Amino acid sequence: MLSGGSDGVIVLYDLENSSRQPCYTCKAVCSVGRNHPDVHKYSVETVQWYPHDTGMFTSSSFDKTLKVWDTNTLQTADVFNFEETVYSHHMSPVATKHCLVAVGTRGPKVQLCDLKSGSCSHILQGHRQEILSVSWSPRYEYILATASADSRVKLWDVRRASGCLITLDQHNGKKSQAVESANTAHNGKVNGLCFTSDGLHLLTVGTDDRMRLWNSSNGENTLVNYGKVCNDSRKGLKFTVSCGCSSEFVFVPYGSTIAVYTIYSGEQITMLKGHYKSVDCCVFQSNFQELYSGSRDCNILAWVPSLYEAVPEDDETTTKSQLNPAFEDAWSSSDEDG
């Protein structure tokens with residue numbers, strides 16, 4: 001696993017639990033430390049493996065750079081410099097015909113960097129303020145979603161000269177709504193984006209304490225009500241969705257906890273408590289069915305599903321199934337939590 005810190009350091013962890021103990025600590029394999037010649041000068045905002053090969057990874061930072069790293073040597077293979085602070089970047093998980101990295105900065109233009117040529121290939125214009133989050137569709141390799149402090153979320157086809165396909169409208173185009181909120185996705189800054197695993201829907205979060213679910217093909221607001229989703233982050237908020245679960249869940253940093261909702265009903269399942277300070281990011285690992293969260297308390301926590309084990313029927317003092325004690329703090333809720 002890759003992780004980037006507010007001190008500019010990047011650490012790679014081995015997630016394998018070789019001890020087989022219920023509580024364990026992942027070992028750091030290697031790191032780009034403060035003494036490394038290419039270390040980021042300021043906070044690392046995003047890290048991502050090259051989707052097709054872990055021999056390469058990317059990182060972006062408040063030091064106005066996007067760096068491409070060779071994993072084996074921990075040396076930079078390429079560096080992209082920007083005029084503004086970088087909030088977010090993303091490589092398409094499915095692209096085979098392009099190697100574009102979408103980059104969101106403090107400026108209103110979305111930058112597209114080509115890993116093949118080593119240059120910024122083109123820009124997408126249409127937002128009015130800083131770009132806080134960018135995300136490629138996991139379904140179509142040329143479709144990109146961007147979220148901005150101008151309250152807008154846009155979907156782009158990067159092959160088109162004009163670019164923008166849809167600007168999401170929370171009111172679904174109804175004329176009766178207030179003119180000033182027309183064509184806005186939220187009534188505040190939009191600082192988080194996440195496609196569902198099949199790419200058919202898009203989730204957004206904003207500083208209006210709302211989360212919304214959109215149809216990604218026609219841009220319609222599905223009007224799923226998640227209630228109040230507290231969000232006072234001044235930068236990009238990295239949240240995630242499950243993959244391979246019978247019900248699909250969304251995991252959203254919520255102060256020092258992580259709120260878990262069912263995506264299509266909006267029901268809050270539980271709150272994951274374990275961090276001591278604000279949670280900035282979380283990511284779901286579908287191979288292990290585990291969730292990882294990073295917090296300002298300097299900890300990364302792994303959350304695993306509850307595993308129930310059968311109890312012999314002749315033991316009348318216990319119920320027929322009981323929670324494996326190794327997983328008592330897992331994210332699957334108890335009956336009381338609903």
Side-chain angles (χ1 to χ4, degrees), residues 88 90 92-94 132-140 143-147 153-155 166 168-172 185-188 190-231 233 236-255 257-273 279-293 302-306 330-335 337-338:
S88 173
H90 193 228
S92 169
V94 294
L132 295 170
S133 186
V134 294
S135 182
W136 291 96
S137 164
R139 193 177 186 91
Y140 303 109
I143 302 300
L144 174 71
T146 59
V153 173
K154 291 179 180 287
L155 291 174
I166 306 169
L168 301 184
D169 181 0
Q170 60 184 303
H171 305 301
N172 288 332
H186 287 263
N187 295 325
V190 191
N191 59 350
L193 283 173
C194 188
F195 279 94
T196 53
S197 55
D198 60 11
L200 295 176
H201 290 86
L202 176 69
L203 285 148
T204 61
V205 292
T207 57
D208 56 357
D209 293 339
R210 289 284 178 264
M211 179 162 64
R212 296 202 163 96
L213 180 70
W214 311 82
N215 180 317
S216 59
S217 60
N218 61 16
E220 184 182 7
N221 181 1
T222 63
L223 304 176
V224 174
N225 182 11
Y226 300 95
K228 185 178 182 181
V229 182
C230 283
N231 173 6
S233 177
L237 190 72
K238 299 194 165 49
F239 68 107
T240 190
V241 294
S242 66
C243 180
C245 298
S246 54
S247 287
E248 289 191 64
F249 302 104
V250 54
F251 306 92
V252 190
Y254 197 113
T257 65
I258 301 155
V260 184
Y261 302 88
T262 51
I263 292 178
Y264 300 106
S265 73
E267 180 189 0
Q268 186 183 110
I269 300 299
T270 189
M271 301 287 275
L272 306 185
K273 296 172 182 173
V279 179
D280 282 327
C281 58
C282 52
V283 64
F284 189 80
Q285 220 288 5
S286 57
N287 293 344
F288 299 160
Q289 288 290 301
E290 291 182 358
L291 178 76
Y292 304 97
S293 57
W303 308 83
V304 298
S306 298
W331 55 262
S332 288
S333 65
S334 67
D335 291 338
D337 292 333

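We use all heavy atoms of the structure for the numbers below, so side chains are in, but hydrogens, waters and symmetry mates are not. The structure displayed is predicted, hence computed values, not measured ones.
You'll find the side chain of Tyr264 stays beyond 4.5 Å of the side chain of Val224, heavy atoms only. Contact of the Phe284 side chain with the Cys194 side chain is not registered, since no non-hydrogen atoms from C-beta on lie closer than 4.5 Å. Contact annotation: the side chain of Thr257 never approaches that of Leu272 to less than 4.5 Å [non-hydrogen atoms, C-beta and beyond]. Looking at Val190 and Leu168, their side chains never come closer than 4.5 Å, going by heavy atoms from C-beta outward. Proximity of Met211 to Tyr261: side-chain heavy atoms (C-beta onward) are separated by under 4.5 Å at one or more points. Between Leu202 and Val153 the shortest side-chain heavy-atom distance falls below 4.5 Å. Residues Arg139 and Val94 are not in side-chain contact: their nearest non-hydrogen atoms beyond the backbone lie 4.5 Å or more apart.
Taken to the nearest 0.5 Å, the CG atom of Leu132 stands 9.5 Å off from the CG atom of Leu193. Remark: Asn287 CG to Cys243 SG distance equals 9.0 Å, nearest 0.5 Å. Atoms CD and CG, on Glu220 and Leu213 in that order, are 10.5 Å from each other to the nearest 0.5 Å. Taking CG of Asn218 as the reference point, atom CD1 of Ile166 lies at 6.5 Å (rounded to 0.5 Å).
Distance alone, capped at 3.5 Å, places no donor-acceptor pair between the Arg210 side chain and the His186 backbone. Side-chain atoms of Ser216 come within 3.5 Å of backbone atoms of Gly199 as a donor-acceptor pair (strictly under, hydrogens ignored). Put simply, the side chain of Gln268 never gets that close to the backbone of Thr262: no donor and acceptor are under 3.5 Å apart. In this structure a side-chain-to-backbone donor-acceptor pair under 3.5 Å is present from Asp209 to Asn231. A donor-acceptor contact shorter than 3.5 Å is absent between the side chain of Asn221 and the backbone of Asn172.
Side chains of Ser217 and Asn215: a donor-acceptor N/O pair is present below 3.5 angstrom, by distance only. No side-chain donor-acceptor contact under 3.5 Å links Thr222 and His201.
For the pair Arg212 and Ala185, the tightest heavy-atom approach, listed with the atom from each and the gap, is NH1-O, 2.7 Å. Nearest approach of Ser92 to Ser137, heavy atoms of both residues: OG-O, 4.3 Å. Nearest heavy-atom pair, Tyr254 versus Met271, reported as atom, atom and distance to 0.1 Å: CD2-CE, 3.6 Å. Heavy atoms only, all atoms of each residue included: Asn191 and Ser133 are closest at O-CB, 4.0 Å. Scanning both residues, Leu144 and Val134, for their nearest heavy atoms gives CD1-CB, 4.5 Å. When all heavy atoms of Leu155 and Ala145 are compared, the pair lying nearest together is CD2-CB, 3.6 Å.
Shown are Ile258, Thr240, Leu203, Val229; of these, the side-chain contact (heavy atoms from CB on, under 4.5 Å) with Val252 is made only by Val229.
For Phe239, there are no ring pair (Phe, Tyr, Trp, His ring centres under 6.0 Å) partners, not counting sequence neighbours.
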Could you walk me through whether Ile263 and Tyr226 satisfy the side-chain contact (heavy atoms from CB on, under 4.5 Å) test, starting with their C-alpha distance in whole Å, then the side-chain angles of each, then the deciding distance to 0.1 Å, before giving a yes or no?
CA-CA 9 Å; Ile263 292 178; Tyr226 300 95; 4.2 Å; yes
